[in-house]
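Count residues from 1 along the sequence.
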Amino acid sequence: MNYEVLEALGQIAQEKNVDKALVIETLEIGLLSATKRRFGTSDNVEVNIDANSGDIEVFATKSVVKDEEIEDPALQIGLTAAREIEPGVKVNGEIRQMLRFADFGRNAIQSTKQILIQRVREAEREKIYEDYQTRIGEIISGTVQQISHGDILINLGRTEAVIPLKEQIRKERYRQGDPIRAYLVNVLRTSKGPQVVLSRTHPQFLVKLFQFEVPEIYEGIIEIKAVAREPGERAKIAVYSNDARIDPVGACVGMKGSRVQAVVRELSNERIDIVPWSDDEAIFLSRSLSPATVKRVVVDRNKTTMTAIVEDDQLSLAIGKSGQNARLAAQLTGWKVDIITETRFQEMQLEKEATFVPLTEVAGVGKVMLDRLEAAGILSANDLVDVSLVRLLEVPGIGESTGEKIQSAADEIVTVKVQAYREELERQRAEEEARIAEEEAARIAEAEAAAAAEAAASADAEADEDEDEDEPVADGEIELSEEGAAVQPAASEDNQVGSPSEDEGR
């Protein structure tokens, strides 16, 4: 028994993760190729490889001819040589001759080896392709092998994977040997073998991470209905619970935010908003614009547009930094979203009322067509302008040329009326601004005059004080010292009491 052959074949099958039978079959093909290379043909050659013992036998079936009549040694054998193998053989008979490997030559054996290596490699690549093809949609773990032209090459053990630059989170940086997880998006066939393409920006990567962290999602109790991402910055997910007793948002957040924080850390601190899903589009949009508070939502199904109305101080919060919150809400709901303030909405309503044009004023709209348009929900020339031509053609009796004609006529009338209304509104606004500016100018002039009068009065008061300080103190007046005590004025010589002269006379 040739255990060395068996061990070698088994090792090849194990290392390359291919079936051992395939390796044996490949070896047979290689030996046939070597026979053809050595003897010129392999049509009459048979290769037997015993999978249990490891014995390899190569036989060539040849026709027996007279010794002097041999024309092709690969297909014919002389009678003398044939009888050495099988004594009873006769001319024109057939005999199976065992071929020795020593007769093959070095080049033929090397050819067999190359065929074996090539076929096993192809089988390995096909196996890898099939294995990973069935794993599309899973999270794959690997190790960073190198960075090449911005792409990250990942070592998966059996093969390599790549995260293209566009599938990477921008602010993430990796070094060789770092562990990494990503979402398997595709497997491509290339000349170098299957290429496994991974992504860390795919919305489903976020879904899979939540499945790992939230058992209720994995079990199907909670569903993630929609996902919107700006990778590495912010994401929104809409969740719904099939069990009324379980709060979907609370389950995804986890105790003290443990579940959602695990996902946030994996995504390089990507902020995640968890929104309760609703089949009511208006309610769903209101929740999607969180943390802003939405007063109400106007749904326009003709344009597949929703308009969220917020207070003036909530507008910037609803739109978000660089419009991020509004964009994510639009992605999450699948609708075109407009966000306006309550003030602006009131202005639009006033304009709509002031510029209303009945269908009867549109050229080409008769009584029958009027009834059909109103039945289709088109109640004014304004509606006729806003409706798409595709929907207009659904109205019975309206063809493409007619539809374009009445839409053009309606647009002309409505445009003139809207323009006149806006010009009047602008004129009134300009007059109001001029009035306010005039009042402000008058107020400023009045304030300046009052300030000037006050300054003049203050100057007069200071002048009076200076004059009072310069006046001499009159005789007999009591002057107050700085401390407030009375100071007796000095007596004149004539008025001195008890002068020394008088005392001496006495």
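In this structure a side-chain-to-backbone donor-acceptor pair under 3.5 Å is missing from Ser148 to Asp151. Side-chain atoms of Thr304 never come within 3.5 Å of backbone atoms of Arg301 as a donor-acceptor pair (strictly under, hydrogens ignored). For Ser241 (side chain) and Ala244 (main-chain N/O), no donor-acceptor pair under 3.5 Å exists by modelled atom type. Judged purely by atom type and a 3.5 angstrom limit, Asn325 uses its side chain to pair as donor or acceptor with the backbone of Ala318. Between the Arg181 side chain and the Glu266 main chain, no donor and acceptor come within less than 3.5 Å of each other. Arg234 places no side-chain N or O within donor-acceptor distance of the main-chain N or O of Arg229, the cut-off being under 3.5 Å. Under the 3.5 Å distance criterion, the side-chain polar atoms of Ser258 are left unmatched by any main-chain donor or acceptor of Gly254.
The number of heavy atoms from other shown groups lying within 6.0 Å of CD (Glu438) does not exceed 12. For Arg175, the CZ atom counts as loosely surrounded, since its 6.0 Å shell holds 12 or fewer non-hydrogen atoms of other residues, nucleotides or ligands. Within 6.0 Å of atom CZ in Phe356, more than 12 heavy atoms from other residues, nucleotides or ligands are found, so the atom counts as buried in its surroundings. Residue Glu130 places its CD atom among more than 12 non-hydrogen atoms of other residues, nucleotides or ligands, all under 6.0 Å distant. Few gaps surround CZ on Arg296; more than 12 heavy atoms of other groups in view lie less than 6.0 Å from it.
For the residue pair Gln349/Glu353, the side-chain donor-acceptor check at 3.5 Å is not satisfied. Side-chain contact annotation: Glu223 with Asn242, donor-acceptor N/O pair under 3.5 Å present. For Lys171 and Asn269, the side-chain atoms include no donor-acceptor pair closer than 3.5 Å. Between Glu342 and Gln346, the side chains place a donor N or O and an acceptor N or O closer than 3.5 Å (distance only, hydrogens not considered). In this model, a donor atom of one side chain and an acceptor atom of the other lie less than 3.5 Å apart for Glu172 and Tyr174. Using modelled atom types and a 3.5 Å distance limit, the side chains of Gln176 and Gln145 yield no donor-acceptor pair. No hydrogens or angles considered: a donor-acceptor pair under 3.5 Å links the side chains of Glu230 and Gln324.
In terms of heavy-atom proximity, Val357 sits nearest to Asn382 at N-OD1, 3.0 Å. The minimum heavy-atom distance between Gln168 and Gly150, with the atom names listed, is NE2-O, 2.8 Å. Between Lys236 and Ser290, the closest heavy-atom pair is NZ-O, 3.1 Å. Of all heavy-atom pairs spanning Ala251 and Val214, the tightest one is O-CG1, 3.9 Å. Taking both residues in full, the closest heavy atoms of Ser288 and Val275 are given as N-CG1, 3.9 Å, listed atom of the first, atom of the second, then distance. When every heavy atom of Asn186 is checked against every heavy atom of Ile136, the shortest pair comes out as CA-CD1, 4.1 Å.
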(request) For Ile283 and Leu285, run side-chain contact (heavy atoms from CB on, under 4.5 Å): C-alpha distance rounded to whole Å, both residues' side-chain angles, the deciding distance at 0.1 Å, then the answer. (result) CA-CA 5 Å; Ile283 295 175; Leu285 177 62; over 6 Å; no
(request) Could you walk me through whether Glu351 and Arg422 pass salt bridge (charged side-chain N to carboxylate O under 4.0 Å, His left out), step by step? (result) CA-CA 8 Å; Glu351 178 178 304; Arg422 291 178 179 175; 2.9 Å; yes
(request) Carefully, step by step, assess Glu167 and Arg200 under the rule salt bridge (charged side-chain N to carboxylate O under 4.0 Å, His left out). (result) CA-CA 6 Å; Glu167 301 292 345; Arg200 285 183 59 81; over 6 Å; no
(request) Could you give me the CA-CA distance, side-chain angles and deciding distance for Asp312 and Thr343, then say whether side-chain hydrogen bond (donor to acceptor under 3.5 Å, both in side chains) is met? (result) CA-CA 7 Å; Asp312 292 16; Thr343 303; 3.1 Å; yes
(message) Between Phe210 and Ile272, is the side-chain contact (heavy atoms from CB on, under 4.5 Å) condition met? List the steps.
(response) CA-CA 11 Å; Phe210 268 102; Ile272 301 174; 4.1 Å; yes
(request) Could you walk me through whether Glu311 and Lys295 pass salt bridge (charged side-chain N to carboxylate O under 4.0 Å, His left out), step by step? (result) CA-CA 7 Å; Glu311 294 290 355; Lys295 290 191 66 176; 3.3 Å; yes
(request) Just do the salt bridge (charged side-chain N to carboxylate O under 4.0 Å, His left out) check on Arg135 and Glu138 with the steps written out, would you? (result) CA-CA 6 Å; Arg135 297 181 63 186; Glu138 296 183 9; 3.1 Å; yes
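Between the CD1 atom of Ile224 and the CD1 atom of Ile217 there is a distance of 4.0 Å, given to the nearest 0.5 Å. Rounding to the nearest 0.5 Å places NZ of Lys192 at 12.5 Å from OG1 of Thr159. To the nearest 0.5 Å, atoms CG (Leu156) and CG (Leu198) are separated by 6.5 Å. With values rounded to the nearest 0.5 angstrom, Ile140 atom CD1 is found 12.5 Å from Ser199 atom OG. Taking CZ of Phe284 as the reference point, atom CE of Met306 lies at 8.5 Å (rounded to 0.5 Å). Of the inter-residue distances, the one linking Ile339 atom CD1 with Arg344 atom CZ reads 15.0 Å to the nearest 0.5 angstrom.
The pair Arg170-Glu233 fails the salt-bridge criterion, with no side-chain N (NZ, NE, NH1 or NH2) lying under 4.0 Å from an Asp/Glu carboxylate O. Salt-bridge check for Glu440 with Arg443: passed, with a basic side-chain N closer than 4.0 Å to an acidic carboxylate O. Electrostatic pairing of Lys336 and Asp338 does not count as a salt bridge here, judged by no charged N lying under 4.0 Å from a carboxylate O.
Looking at Leu267 and Val264, their side chains never come closer than 4.5 Å, going by heavy atoms from C-beta outward. Taking 4.5 Å as the limit, some side-chain heavy atom of Leu392 sits within range of a side-chain heavy atom of Ile378. Side-chain contact between Thr143 and Pro179: absent, with no pair of heavy atoms (C-beta onward) separated by less than 4.5 Å. Between Ile309 and Val297 there is no side-chain heavy-atom pair separated by less than 4.5 Å. The closest side-chain heavy-atom distance from Ile128 to Arg158 is below 4.5 Å. Residues Ile139 and Phe205 form a side-chain contact, since some pair of their non-hydrogen atoms from C-beta on lies under 4.5 Å apart. Annotation: side chain of Ile163 is not in contact with side chain of Val197 (no heavy-atom distance under 4.5 Å). Counting heavy atoms from C-beta on, the side chains of Leu370 and Thr360 come closer than 4.5 Å.
Considering Ile246, Val249, Asp247 in turn, Ile246 is the only one that fulfils the side-chain contact (heavy atoms from CB on, under 4.5 Å) rule with Ile222. Tested against Arg435, the residues Glu431, Glu433, Glu439 include a single salt bridge (charged side-chain N to carboxylate O under 4.0 Å, His left out) partner, Glu439.
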Please set out all donor-acceptor pairs under 3.5 angstrom arising from side-chain atoms of residues 395-408, sequence neighbours excluded.
{"unit_1": "Gln407", "atom_1": "NE2", "unit_2": "Leu384", "atom_2": "O", "d": "3.1"}
{"unit_1": "Gln407", "atom_1": "NE2", "unit_2": "Val387", "atom_2": "O", "d": "2.8"}

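Within the cation-pi definition used here (under 6.0 Å to the ring centroid, within 45° of the axis), Arg189 qualifies as a partner of Tyr129.
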